[in-house]
Amino acid sequence: MGEGFREQLLEDTAFLRAEQRLDTELVDKVILQLNRIYPQILTDKEATRFRNLDVPTSVRLGELLTHLQGKGDEACREFYRALHLHVEEVYYSLPTRLRLRDSLNPLASPQIYPQRNVLNDRGPLFFLGCFGFAVGMAFLYYYGEAKVSGGSRALGMAALGLKRKAQEVLIWYTEEGIMN
């Protein structure tokens, strides 16, 4: 996990206070579990204070969580055990449990590895198209118009499927060959 139960409880506190499934009865069960099994964590006097029905449940739960965080990591761990025992569905929906579950299950969310040395995001077909165009231009430059017979007419026909700028260059090259 890497982090202690105290830090996890600090992170889960907002979720637990807002959770509607933690009603008065369930909070009392958790308090009684901590009081009966671990009286060094929650004494009888403290348990009575946290079970006061005149105080709203979310306030009592918030005070209990603050008290347990003050007691240390062991008290927080025992709170998680009691929560797991009495309110399992809430325990498994805690933000820290969800994060832990997602990190242990690689199939739940695909791993994204950052790419190194990415020059552009256009893909391999763009590269092949540019490379083919460069090879074609090099071929024309190397052999020149005089050595290739009928090459200028083929360039004029090839210009039909290209963008406007490339089309103008190829047609200009074709017209130069016809005039000479």
Side-chain angles (χ1 to χ4, degrees), residues 1-134 161-166:
M1 268 197 230
E3 60 183 285
F5 289 101
R6 187 176 181 187
E7 289 82 19
Q8 288 180 17
L9 190 59
L10 189 70
E11 190 176 326
D12 290 333
T13 298
F15 174 81
L16 287 168
R17 289 190 68 180
E19 182 59 47
Q20 296 296 322
R21 293 178 284 185
L22 281 175
D23 60 359
T24 302
E25 182 182 339
L26 293 174
V27 171
D28 284 346
K29 283 183 181 181
V30 170
I31 291 171
L32 288 174
Q33 169 86 17
L34 290 172
N35 176 245
R36 289 182 185 153
I37 306 295
Y38 306 102
Q40 70 275 16
I41 293 175
L42 204 59
T43 63
D44 289 335
K45 183 179 177 184
E46 293 167 337
T48 305
R49 186 182 89 198
F50 293 128
R51 293 186 69 212
N52 183 3
L53 295 178
D54 294 334
V55 180
T57 305
S58 64
V59 174
R60 290 188 298 134
L61 184 61
E63 289 175 356
L64 174 66
L65 296 176
T66 305
H67 175 75
L68 292 175
Q69 289 168 4
K71 288 275 188 166
D73 210 43
E74 184 71 24
C76 295
R77 183 176 64 153
E78 297 309 327
F79 171 78
Y80 277 118
R81 282 187 184 169
L83 191 66
H84 184 234
L85 181 67
H86 295 290
V87 199
E88 194 171 319
E89 65 275 358
V90 172
Y91 175 79
Y92 284 117
S93 61
L94 291 170
T96 54
R97 299 295 145 200
L98 292 174
R99 187 178 66 231
L100 178 66
R101 184 188 66 199
D102 291 344
S103 68
L104 292 178
N105 186 2
L107 298 177
S109 61
Q111 295 289 333
I112 299 172
Y113 299 104
Q115 293 180 348
R116 296 181 304 172
N117 304 325
V118 175
L119 298 178
N120 66 30
D121 59 349
R122 293 194 172 112
L125 290 178
F126 178 77
F127 169 75
L128 289 174
C130 290
F131 184 75
F133 180 76
L162 297 176
K163 297 273 186 187
R164 182 180 170 111
K165 291 286 184 184

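All values reported here derive from a predicted model rather than from experimental measurement.
Residues V87 and E89 form a side-chain contact, since some pair of their non-hydrogen atoms from C-beta on lies under 4.5 Å apart. Between Q69 and T13, the closest side-chain pair of non-hydrogen atoms falls below 4.5 Å. Counting heavy atoms from C-beta on, the side chains of T57 and L22 never come closer than 4.5 Å. A heavy-atom distance below 4.5 Å is found between the side chains of L94 and L16.
Rounding to the nearest 0.5 Å places CG of L10 at 11.0 Å from OG1 of T96. With rounding to the nearest 0.5 Å, the separation of CD1 in I31 from OG1 in T48 is 10.0 Å. The CG atom of N35 sits 10.5 Å away from atom CD of Q40, with the distance rounded to the nearest 0.5 Å.
Applying the ring pair (Phe, Tyr, Trp, His ring centres under 6.0 Å) definition to pairs two or more places apart or across chains, those involving residues 45-79 are F50-H67. Applying the ring pair (Phe, Tyr, Trp, His ring centres under 6.0 Å) test to every pair with at least one member in residues 26-49, sequence neighbours left out, gives no pairs at all. For residues 53-62, the salt bridge (charged side-chain N to carboxylate O under 4.0 Å, His left out) pairs, not counting sequence neighbours, are D28-R60.
Not a single side chain to side chain donor-acceptor pair (under 3.5 Å) links R6 to another residue, sequence neighbours left out. Under the salt bridge (charged side-chain N to carboxylate O under 4.0 Å, His left out) criterion, E7 pairs with no residue at all, not counting sequence neighbours. Annotation: side chain to side chain donor-acceptor pair (under 3.5 Å) contacts of Q33 (sequence neighbours excluded): H86. Under the salt bridge (charged side-chain N to carboxylate O under 4.0 Å, His left out) criterion, E25 pairs with K29, sequence neighbours left out. Partners of P39 according to the side-chain contact (heavy atoms from CB on, under 4.5 Å) rule, which considers only residues two or more places apart in sequence or in another chain, do not exist here. With sequence neighbours excluded, no residue satisfies side chain to side chain donor-acceptor pair (under 3.5 Å) with S58. Contacts of Y92 classified as ring pair (Phe, Tyr, Trp, His ring centres under 6.0 Å), with partners at least two apart in sequence or in another chain: H84. Under the side chain to side chain donor-acceptor pair (under 3.5 Å) criterion, T66 pairs with no residue at all, not counting sequence neighbours. Looking at residues two or more places apart in sequence or on another chain, you find no salt bridge (charged side-chain N to carboxylate O under 4.0 Å, His left out) involving E63.
None of F127, F126, F133 except one satisfies the side-chain contact (heavy atoms from CB on, under 4.5 Å) rule with C130; the exception is F126.
Heavy-atom neighbours of R36 CZ from other residues, nucleotides or ligands within 6.0 Å: at or below the threshold of 12.
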Exercise. Would you sort out whether V90 and L26 count as a side-chain contact (heavy atoms from CB on, under 4.5 Å), showing the intermediate values?
Key: CA-CA 11 Å; V90 172; L26 293 174; over 6 Å; no
Practice problem: Any chance you could lay out the side-chain contact (heavy atoms from CB on, under 4.5 Å) test for L32 and R51, step after step, and finish with the verdict? | Solution: CA-CA 9 Å; L32 288 174; R51 293 186 69 212; 3.6 Å; yes
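A salt bridge links E74 to R77: one of the charged nitrogens lies within less than 4.0 Å of a carboxylate oxygen. For K71 and E78, the salt-bridge test fails: no basic side-chain N is under 4.0 Å from an acidic carboxylate O.
Under a cutoff of 6.0 Å and an axis angle of 45°, R81 and F5 do not form a cation-pi pair.
Minimum interatomic distance between S93 and L98 (heavy atoms only, all atoms of both residues): O-CD1, 3.6 Å. Residues A82 and V30 share a closest heavy-atom pair of CB-CG1, 4.0 Å. C76 approaches L9 most closely through the heavy-atom pair SG-CD2, 3.5 Å.
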